[in-house]
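Data first, discussion second: the structure below is written as structure tokens.
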Amino acid sequence: MLITITIRDLLFPVSFLLLLPCEAVAATLGICYGRVANNLPPTSEVINVLKTNGISNVRIFDPDPFTLQSFSGTGINLMTGVPNEVLPSLASGTPASALQWLQTNIFAHIVPSQIRYIAVGNEVLFKDSLYSPYLVPAIVNLYQALKMLNLDGTIKLSSPQAASVLSVSYPPSLGAFDPSLRAVLRPLLSFLHETKSPFMVNVYPYFSYTSSRSNQVTLDYALFRSNNMVQDGQLMYGNLFEASIDAVVHAMEKEGFAEVEVVVSETGWPKGGGEVASVENALAYNENVVRRVVGNVGTPRRPGVGIEVYLFDLFDENGKGGDECERHFGIFGLDGVKAYDLRFNSEN
């Protein structure tokens, strides 16, 4: 059945899959609203784009007051980021000071019922390792603060990590966390397990492909169009997206946290600015991610278990550093028109 599901996804178009009956409610599909740019449309227009396309879950990377106020009352759920540089003060303070931070920076601007997650830091262990010692203490203080407000059951805390927290990711069954990061990851995983919160990971097959110096990653495998299934024990893989998630699952299992859910806090494909970065490839990648979320396909390790995914990015961000492709992940143009015909659900 597992192989049948995967091959079915590879062969049939999105429009057909979206019409298939499904007993379970589709997993959550959201989008990242990055704002490292000086030419973005007004937030009111952004919200209109989101509503027009049926997008009701959004990740923002910092608790900008005006942005939060703009989303208040819209019915759109948010994953709100806590900037890496704030972690030391949150960690060294008390739950009471964390409560004050929450009330001042988030809840003064938007009702708690619209906050789905608070993402504490972003890729701290990968790009801002000096903040690593503060990560879990900051999360614990924020959790205690949420408990004071009786919000610990409705707002979940986690910390999005780069897929590079794995020292081994191929094949997925050998997935293992970097031993040098275990001092932070094990307490984080323990917290996530105890609070029934997800492990968040940013998954980018595009970068895996462009940085690969081996034959393990082909473009077809990264874009969900490989005709060759990759066997890993008794499991079969037809794409890098699912293999990447299962590598994280196996790594958590090795640490004794098999029940922790995975949320893909970022994933996407650039439409320009780099090798194999094109509108055609961006559409091919993102539409296959969407069909898996809508269809609750899950992964070979966790078949039928829907995965919550946040696509990156809403718009191009012309202020981002790094390679040119980093500035070309936008699914929508600045005029609110789709850069390519990606459907977010069966109605748009």
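Through chains of ILVMFWY side-chain contacts below 4.5 Å, Met79 is grouped with Tyr117, Met200, Val263, Tyr310. Hydrophobic side-chain contacts under 4.5 Å tie Phe66 to no other Ile, Leu, Val, Met, Phe, Trp or Tyr residue.
The NE2 atom of His328 sits 11.5 Å away from the CD atom of Glu317 when rounded to the nearest 0.5 Å. In this structure, CD1 on Ile106 lies 8.0 Å from CG on Leu142, to the nearest 0.5 angstrom. To the nearest 0.5 angstrom, Ser173 atom OG is 10.5 Å from Gln231 atom CD. Separating the OG1 atom in Thr80 from the CD1 atom in Ile60 is a distance of 4.5 Å, to the nearest 0.5 Å.
Annotation: side-chain hydrogen bond (donor to acceptor under 3.5 Å, both in side chains) contacts of His193 (sequence neighbours excluded): none. In this structure, the side-chain hydrogen bond (donor to acceptor under 3.5 Å, both in side chains) partners of Arg35, at least two apart in sequence or on a different chain, are Asp62. Listed by chain and number, the residues in a ring pair (Phe, Tyr, Trp, His ring centres under 6.0 Å) with Tyr134 amount to none (sequence neighbours excluded). Considering only residues two or more places apart in sequence or on other chains, Asp323 meets the side-chain hydrogen bond (donor to acceptor under 3.5 Å, both in side chains) condition with none of them. For Phe199, the ring pair (Phe, Tyr, Trp, His ring centres under 6.0 Å) criterion is met by Phe177, not counting sequence neighbours. Here Ser164 pairs with nothing under the side-chain hydrogen bond (donor to acceptor under 3.5 Å, both in side chains) rule; sequence neighbours left out. In this view, Phe71 satisfies the ring pair (Phe, Tyr, Trp, His ring centres under 6.0 Å) rule with no residue, not counting sequence neighbours. Evaluation of the ring pair (Phe, Tyr, Trp, His ring centres under 6.0 Å) rule for Tyr143 yields Phe191 as partners, not counting sequence neighbours. Evaluation of the side chain to side chain contact (heavy atoms under 4.5 Å, CB included) rule for Val86 yields Val82, Pro83, Ser89, Leu90, Trp101 as partners, not counting sequence neighbours.
Lys254 NZ: more than 12 foreign heavy atoms inside a 6.0 Å radius. Residue Gln100 places its CD atom among 12 or fewer non-hydrogen atoms of other residues, nucleotides or ligands, all under 6.0 Å distant.
Note: the hydrophobic cluster containing Phe107 also contains Met148 (ILVMFWY, side chain heavy atoms under 4.5 Å, direct or indirect links). Residues Leu146 and Val111 do not share a hydrophobic cluster, defined by chaining ILVMFWY side chains whose heavy atoms lie under 4.5 Å apart. No path of Ile, Leu, Val, Met, Phe, Trp and Tyr side chains, each step under 4.5 Å between heavy atoms, connects Leu314 with Val36, placing them in separate hydrophobic clusters. A single hydrophobic cluster is not seen to contain both Phe126 and Leu192; linkage of ILVMFWY side chains at heavy-atom distances under 4.5 Å, directly or through other members, places them apart. When hydrophobic clusters are built by joining Ile, Leu, Val, Met, Phe, Trp and Tyr residues whose side-chain heavy atoms come closer than 4.5 Å, directly or via intermediates, Val201 is grouped together with Val217.
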Show me, pair by pair, the donor-acceptor contacts under 3.5 angstrom made by side chains of residues 150-158, not counting sequence neighbours?
| from | atom 1 | to | atom 2 | distance (Å) |
| --- | --- | --- | --- | --- |
| Thr154 | OG1 | Leu151 | O | 3.3 |
| Lys156 | NZ | Thr195 | O | 2.8 |
| Ser158 | OG | Pro198 | O | 2.6 |

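Looking only at atom types and distance, the side chain of Thr299 has a donor-acceptor partner in the side chain of Asp246 under 3.5 Å away. Looking at Asn239 and Asn288, their side chains never bring a donor and an acceptor atom within 3.5 Å of each other. Asp178 and Ser180 are linked by a side-chain donor-acceptor pair at a separation below 3.5 angstrom, with hydrogens and angles left out of the test. Between the side chains of Tyr340 and Asn286, at least one donor N or O lies within less than 3.5 Å of an accepting N or O. When only modelled atom types and interatomic distance are considered, Tyr131 and Glu85 share no side-chain donor-acceptor pair under 3.5 Å. Residues Ser159 and Gln161 have side chains that bring a donor and an acceptor to within less than 3.5 angstrom of each other.
Checked against Phe329 for a ring-ring contact (aromatic ring centres under 6.0 Å, His included), the options Trp269, Tyr204, Phe315, Tyr33 give a single hit: Tyr204. Between Pro172 and the options Asp232, Ile245, Val230, a side-chain contact (heavy atoms from CB on, under 4.5 Å) holds for only Asp232. Of the options Arg59, Arg116, Arg292, a salt bridge (Lys or Arg N to Asp or Glu O under 4.0 Å) to Glu308 is made by Arg116 and by none of the others.
Checked against the 6.0 Å centroid criterion, the rings of Phe241 and Tyr221 do not qualify as a close aromatic pair.
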Full working for salt bridge (charged side-chain N to carboxylate O under 4.0 Å, His left out) between Arg301 and Glu253: CA-CA 11 Å; Arg301 186 65 177 171; Glu253 290 175 355; 3.0 Å; yes
